[in-house]
Student: 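Before I ask anything, here is the structure I am working with.
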Amino acid sequence: MKSIVHTPWSIQDATTLYGIHNWGSPYFTIADDGNVNIIAPAINDNPPSQVSLVDVISGLRERGLEMPVQLRIENLLDHRISCLNIAFADAIKTLDYKSHYRGVFPIKVNQQHHVIEEISHFGGHYNHGLEAGSKAELIIALSHITDNDAYIICNGYKDSEFIDLGLHAIKLGVKCFFVIETPSELPIIIERSRELGVKPLLGVRLKLASKVDGHWSDDSGDRSIFGLNTMQLMRLIEQLTESKLLDCLQLLHFHLGSQLPNIRNIRSGMLEACRYYIELVQEGVPLQYIDLGGGLAVDYDGSQSNNTHSMNYSLNEYCVDIVESIIEALEPHNIPHPVIITESGRATVAYSSVLLFNILDVSHFDPQPLPEHLSASQHELVHNLFDVLAAVHATINAELTEEKTIHKGHRLQENHNDAIHYRDEIRELFRRGQISLRDRGLGENIFLHIMHQIVKLLPTLDRIPAELERLGEELADIYYGNFSVFQSLPDAWAIDQIFPIMPIHRLNEAPTREAIIADLTCDCDGKIDHFIGDDGVRNTLPLHSLVPNEDYYLGVFLVGAYQETLGDLHNLFGDTNVASIRINPDNSFDVVTELEGDSISDVLSYVEYKPDVMKRRFRDVAEKAVKSGKITVAERRKILNDFAASLQGYTYYEE
Ligand SMILES: Cc1ncc(COP(=O)(O)O)c(C=O)c1O
């Protein structure tokens with residue numbers, strides 16, 4: 001479907017249309033040449049610098065890395081870690097808080113080796129640690145944290161092997177906390193710590209009553225899966241006292257949920273947790289740390305609101321509110337200020353990855369030119385549709401008074417009803433063999449003309465009739481993208497997460513089409529049909545017409561959190577190619593790592609096929625074909641070579 005074009009078109013129009021200044025600042029912008037640039041903000045002694053995503057794609061293609069590519073930008077990851085630590089340090093200084101902040105990154109949010117390596121390397125400046133929710137993640141943490149002032153926080157169910165690993169770490173001088181999530185964990189910890197002769201560092205996860213807004217509201221409240229309720233907490237303290245290990249319980253943990261859009265929920269959760277902190281200290285528990293878990297949100301839609309995909313607070317406000325809440329709660333009781341820990345995952349990594357893909361093809365739902373008049377031989381129903389089209393044209397040409405504008409809505413609704421009625425009648429008669437293929441084709445074409453004309457008129461109505469509201473989407477183009485929603489954007493499918501998505505070039509040109517995006521899977525859920533608009537969610541995305549023999553690239557932004565980890569092999573589309581870049585102060589960039597995505601052979605082995613056996617079986621089929629004279633021996637050789645080469649190929653569309 002064609003979109004309404006602002007003429008003359010400017011970069012500012014594109015900026016507003018895609019909302020990039022809202023969700024992308026300060027990392028993404030549209031440059032004067034119409035390309036999206038990545039901005040590496042000033043950090044330490046490095047001045048700000050920027051590179052164009054188009055140049056990055058050319059650089060990757062020259063190195064043989066084809067689309068789709070998951071692009072990681074190291075500078076943005078560093079900047080996020082730095083912002084988080086600086087914002088807490090500022091709040092602590094301004095409010096005269098008498099302790100400090102330590103961040104830990106939850107490995108589950110992005111477990112990729114290069115990401116964890118960069119977080120532990122750059123995070124070292126701030127003693128930023130890691131959070132592990134399983135044995136495998138603890139092994140990652142233990143092999144990456146070299147700084148004894150950085151913490152490792154162990155959440156999740158812990159068996160004796162998990163606990164032994166953590167106790168060994170404590171012996172080596174690592175500050176490794178076990179957060180007790182369920183009452184059954186304590187006896188194992190006590191038993192293993194006695195056996196190994198190492199005193200554990202313990203935390204306890206609270207089940208807070210405070211409920212929160214947003215998609216993950218079930219992570220808190222009475223029915224949350226993890227955490228101890230008040231009775232269980234009291235029992236835990238008794239058990240620790242009996243075992244003479246109460247001095248090990250130093251950390252109070254709670255997690256209200258991920259992507260918390262509303263600052264008021266964070267503040268009220270904080271106050272409830274502080275009440276526990278005070279009561280426990282007064283009971284003699286030597287608490288020194290308070291860990292808020294994750295939850296710091298990302299403003300995916302850029303609306304700065306308490307929508308599920310947004311946040312109604314800034315990073316600074318988040319830090320100030322936390323520090324202030326603790327001071328206000330603890331000061332009247334003369335309780336020393338605890339070390340503040342957060343486990344921010346999403347807010348740390350989301351910005352640092354962009355999914356880049358090319359468009360392979362487009363389906364249009366545009367009508368073909370019509371004859372000026374129909375011939376008498378054409379079916380009566382086709383004539384009826386033609387009359388409806390004339391009626392819509394008459395509405396367009398009618399002079400508009402305010403009263404007529406109201407009537408226009410009714411008339412268009414009637415025209416729409418009539419058109420659907422005649423179109424359905426034509427289809428029914430076709431099924432019964434009472435109308436020809438040509439008449440059906442002509443009827444469908446007239447129908448499309450009517451719908452397009454109605455859509456054009458909708459913006460001129462004071463009130464759009466409910467039935468016509470989604471007409472534009474029904475006529476939108478389908479742009480076929482070289483990627484899999486299930487592999488690269490699983491949350492877009494599973495929980496209707498909205499990610500910013502837009503063309504990364506040609507933005508000095510007005511987009512003339514309205515489209516939805518389909519992926520390569522042959523699944524009706526493999527599509528994106530919710531987008532960020534300049535004022536809320538829209539169901540189509542304005543895009544440019546494809547130019548023959550020219551690539552058209554789109555970027556999906558803010559995909560660094562959870563997406564790579566949760567992606568699956570639907571239709572056996574595997575991991576995409578991955579590249580990590582670092583933007584240099586002179587506006588050049590280095591490709592720091594490049595990883596080829598899964599080959600077809602890789603994904604087949606993940607689902608328990610044996611590529612060698614498959615080659616043998618196919619060889620037998622080819623041999624039979626030679627014997628029966630269907631192919632020559634030379635053809636057999638070529639076919640088998642191609643089969644073997646396909647096994648080594650990329651799972652996505654290759655040029
Ligand atoms: C215990 C815990 N900590 C941290 C996180 C990370 O949350 P976020 O990505 O919202 O910062 C989660 C995720 O749900 C979690 O369960």
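Just so you know, these numbers come straight off a predicted model, no measurement behind them. Remember, it's 1-based here, ligands and their atoms both numbered in the order they're listed.
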Student: Can you tell which part of K108 has a heavy atom less than 4.0 Å from ligand 1: side chain, backbone, both or neither?
Tutor: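 The part of K108 near ligand 1 is the side chain, not the backbone.
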Student: Using a 4.0 Å cutoff against the non-hydrogen atoms of N155, which atoms of ligand 1 qualify?
Tutor: 1 (C)
Student: Assess the pair F573 and Y652: is the distance between their ring centroids shorter than 6.0 Å?
Tutor: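 Under 6.0 Å, so yes.
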Student: For ligand 1, which atoms sit closer than 4.0 Å to a heavy atom of R205?
Tutor: 1 (C)
Student: Can you sort out the partners of D568 under salt bridge (charged side-chain N to carboxylate O under 4.0 Å, His left out), two or more places apart, ordered by chain and number?
Tutor: none
Student: Angle between ring planes, F122 versus Y126, binned at 30° and 60°: parallel, tilted or perpendicular?
Tutor: tilted
Student: Pairs of nitrogen or oxygen atoms closer than 3.5 Å, one from G257 and one from ligand 1: do any exist?
Tutor: no
Student: Any N or O of G345 that comes nearer than 3.5 Å to an N or O of ligand 1?
Tutor: yes
Student: Could you tell me whether H113 and H144 have their ring centroids closer than 6.0 angstrom?
Tutor: yes
Student: Would you check if the distance from the ring center of Y300 to the ring center of H309 is below 6.0 Å?
Tutor: no
Student: Would you check whether S344 has a nitrogen or oxygen atom less than 3.5 angstrom from a nitrogen or oxygen atom of ligand 1?
Tutor: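 In fact, backbone or side chain, S344 has no N or O that close.
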Student: Under 3.5 Å, which donor-acceptor pairs link side chains of residues 278-290 to any protein atom two or more places apart or in another chain?
Tutor:
from	atom 1	to	atom 2	distance (Å)
E279	OE2	R275	NH2	2.7
Q282	NE2	H333	ND1	3.4
Y289	OH	K175	NZ	3.4

Student: Which one holds for E181 and ligand 1: side chain close, backbone close, both close, or neither close, with close meaning a heavy atom under 4.0 Å?
Tutor: neither
Student: With ring centroids as reference points, do F177 and H253 lie under 6.0 angstrom apart?
Tutor: no
Student: Determine, using heavy atoms of A561 and all atoms of ligand 1, whether some pair is separated by less than 4.0 Å.
Tutor: no
Student: Near G295, which atoms of ligand 1 are under 4.0 Å from a heavy atom of that residue?
Tutor: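 Those of ligand 1 that fall under 4.0 Å from G295 are 7 (O), 8 (P), 10 (O), 11 (O).
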Student: Salt-bridge test for R72 and E118: reply yes if a basic N is under 4.0 Å from a carboxylate O, no otherwise.
Tutor: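 Judged by the 4.0 Å cut-off on N to carboxylate O distance, R72 and E118 do not form a salt bridge.
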Student: Can you find an N or O of R346 that's nearer than 3.5 Å to an N or O of ligand 1?
Tutor: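 R346 vs ligand 1: N/O contact under 3.5 Å present.
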Student: Show which atoms of ligand 1 fall inside a sub-4.0 Å distance from at least one heavy-atom site of Q259.
Tutor: 10 (O)
Student: I'd like to check whether E343 has a polar contact with ligand 1, where a contact means an N/O of the residue lying under 3.5 Å from an N/O of the ligand.
Tutor: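 Between E343 and ligand 1, an N or O pair is found under 3.5 Å apart.
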Student: What I want to know is whether Y562 and ligand 1 share at least one N or O pair that is separated by under 3.5 angstrom.
Tutor: yes
Student: Can we say E343 and K108 salt-bridge, meaning some charged N sits less than 4.0 Å from an Asp/Glu carboxylate O?
Tutor: no
Student: Would you mind telling me if ligand 1 is within reach of the side chain of P106, the backbone, both or neither, using heavy atoms under 4.0 Å?
Tutor: side chain
Student: Step through it carefully: locate the ring centre of F557, locate the ring centre of F499, and say whether they are under 6.0 Å apart.
Tutor: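 No, ring centres 6.0 Å or more apart.
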Student: Decide whether the shortest distance between a heavy atom of A347 and an atom of ligand 1 is less than 4.0 Å.
Tutor: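 Not so, A347 does not reach ligand 1.
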